[in-house]
Number of protein chains: 2
Amino acid sequence: MPDEPVTGPEATRQSLIESGLRLFGSKGFSATSTREIAGEAKANVASIAYHFGSKDGLRKAIADTIAATMRGVIDGAFAERFVLPEGDAPTRREAAKAAIATVIDRMARFLLASPMGALFPRFILREMTEQSAAFDALYGGVFEPVHKKLCALFAEATGVEAESEETRLTVFALIGPLLYFRIGAPAVQRRMGWTGYGPAEARKISTTVSRLVAARLDQKDKTS
Amino acid sequence: MPDEPVTGPEATRQSLIESGLRLFGSKGFSATSTREIAGEAKANVASIAYHFGSKDGLRKAIADTIAATMRGVIDGAFAERFVLPEGDAPTRREAAKAAIATVIDRMARFLLASPMGALFPRFILREMTEQSAAFDALYGGVFEPVHKKLCALFAEATGVEAESEETRLTVFALIGPLLYFRIGAPAVQRRMGWTGYGPAEARKISTTVSRLVAARLDQKDKTS
DNA sequence: GTCTATAAACAGATAGAC
DNA sequence: GTCTATCTGTTTATAGAC
């Protein structure tokens, strides 16, 4: 991705996407007027129709931006650890556990302590509940590949089958807390007496979730 | 609550609340027109202004209905198990663990397998991200009391301090998966190849989450 | 490419008959 | 209480000057 110029048509485009991401995510698509977006982006109302064809075109452009950015972040996190060492089963198992811990920690830091981490899930959530076309692209391009990779790691770490129903559900249960801390942030922060998530809060949450994940990975098998 | 009549002003009122709950939750407040609500409720457009004063008045009435209903459901779940037996520490600890398991299971069945369980969180989530006044009532009336009770049970079950920062965060992490299975249902269902949540799916999810919670409750203490 | 001005549709709220 | 008809404001999209 080339650096964006600080002025010119591409800067207007980027500015509209950023404002739209923030406003659509916090107020909702219909609740946000194009005048408001243009105002916050310091652009003209007509520029939305010019650059994206329509208000809905802007929505699609935002979804594409999210998909591209998240693929970059996640591929980076996996590349760091996803190649498991050759060797005996216990060695591979411990490596897989460490890899899961790394990915969870990277996801926690992105979701809780980066600016985009706060904006992306809110936008995605709205697209998901509205069953919009933008969500299909996000699911296939980001969500499913990540979940499959985590299932493979979980299988390595515990010896179960990667694509079994139980494994897929368990992986959802393991990433659930992380996403909930982001999605339910207003409730969490009120209960914790926090005014927002900073690096310190992100670290505490990451530690809490890591302990939970570790407990499940170390759980003795039982047919409950 | 008296049974609603099938006709008359109270039936119109209830019908408008139900349609508003469904439409506000799925499309968002601003995206839903009063004409659409009235149409689905088989009522007249002007009846919204008559019964609730305004579109925003209907929003508040829905929030009140949710708060009252959820208080009933949750108080019932806690009443069943919340009184811990007198006795030695191990006995109380096991009772507390059983109580947590019961509450988690009741919450899972309500969230995943009841009609309201699908509608309430969607509406609440929108009110939360829009920082509306309706959310304040839901937080104070439902969310915080439930979280505090779970913290107290967790403290009994593990011996930690109930209101410590770590305990509060851990309880969020434990209920996170449950809420995520509901909030992220479209993504979960697509990955699982399910067309929706029925009793069988709710049971599988409840089992998965229960195993995770049990793993954390049985975790050996370590200073990680 | 960016702007102003405007068109055409739609929103929520209300007045008044019944 | 419920209806029809209408008022008033706002929305998105577009036409055309620059």
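Values in this document were obtained by computation on a predicted structure and should not be read as measured data. We name chains A, B, ... by the order of the sequence lines, and we start the count at 1 in each one.
Pairs passing the salt bridge (Lys or Arg N to Asp or Glu O under 4.0 Å) check and including a residue from residues 63-75 of chain B, sequence neighbours excluded, read Asp75(B)-Lys149(B). Residue pairs meeting the salt bridge (Lys or Arg N to Asp or Glu O under 4.0 Å) criterion with at least one member in residues 186-199 of chain B, sequence neighbours excluded, are Asp136(A)-Arg190(B), Glu163(A)-Arg191(B). The side chain to side chain donor-acceptor pair (under 3.5 Å) pairs that include a residue from residues 28-42 of chain B are Arg22(B)-Glu40(B), Lys27(B)-Glu36(B), where partners are two or more places apart or lie in different chains. Annotation: salt bridge (Lys or Arg N to Asp or Glu O under 4.0 Å) contacts involving residues 113-126 of chain B, sequence neighbours excluded, comprise Glu130(A)-Arg126(B). A ring pair (Phe, Tyr, Trp, His ring centres under 6.0 Å) check over residues 21-50 of chain A, counting only residues at least two apart or in different chains, returns the pairs Phe24(A)-Phe29(A).
Only Ser54(B), Lys55(B), listed by number, bring a heavy atom of residues 54-63 of chain B to less than 4.0 angstrom from any atom of DNA chain C.
Nucleotide dG1(C) holds its C1' atom 14 Å from the CZ atom of Arg13(A), rounded to whole Å. Computed from coordinates, the Tyr50(B) OH to dG12(C) C1' distance equals 19 Å when rounded to whole Å. With rounding to whole Å, His51(B) atom NE2 is found 12 Å from dC3(D) atom C1'. Distance Lys42(A) NZ to dT2(C) P: 16 Å, rounded to the nearest Å. Ile48(B) places its CD1 atom 13 Å from the C1' atom of dT2(D), with the value rounded to the nearest Å.
Residue Thr34(B) places at least one side-chain N or O closer than 4.0 Å to OP1 or OP2 of dG12(C). At the phosphate of dA11(C), OP1 or OP2 sits under 4.0 Å from a side-chain N or O atom of Ser33(B).
Annotation for Met192(B): atom CE counts as buried by contact number, over 12 foreign heavy atoms lying within 6.0 Å.
Residues that satisfy the ring-ring contact (aromatic ring centres under 6.0 Å, His included) test with Phe143(A), not counting sequence neighbours, are Tyr139(A). Residues passing the ring-ring contact (aromatic ring centres under 6.0 Å, His included) test with His147(B) are Phe172(B), sequence neighbours excluded.
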Which atoms of nucleotides 4-8 of chain C (N or O only) lie under 3.5 Å from a protein N or O atom, and what are those distances?
unit_1, atom_1, unit_2, atom_2, d
dT4(C), OP2, Asn44(A), ND2, 3.3

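Between Ser30(B) and Ala43(A), the residue whose closest nucleotide on DNA chain C is further toward the 5' end is Ala43(A).
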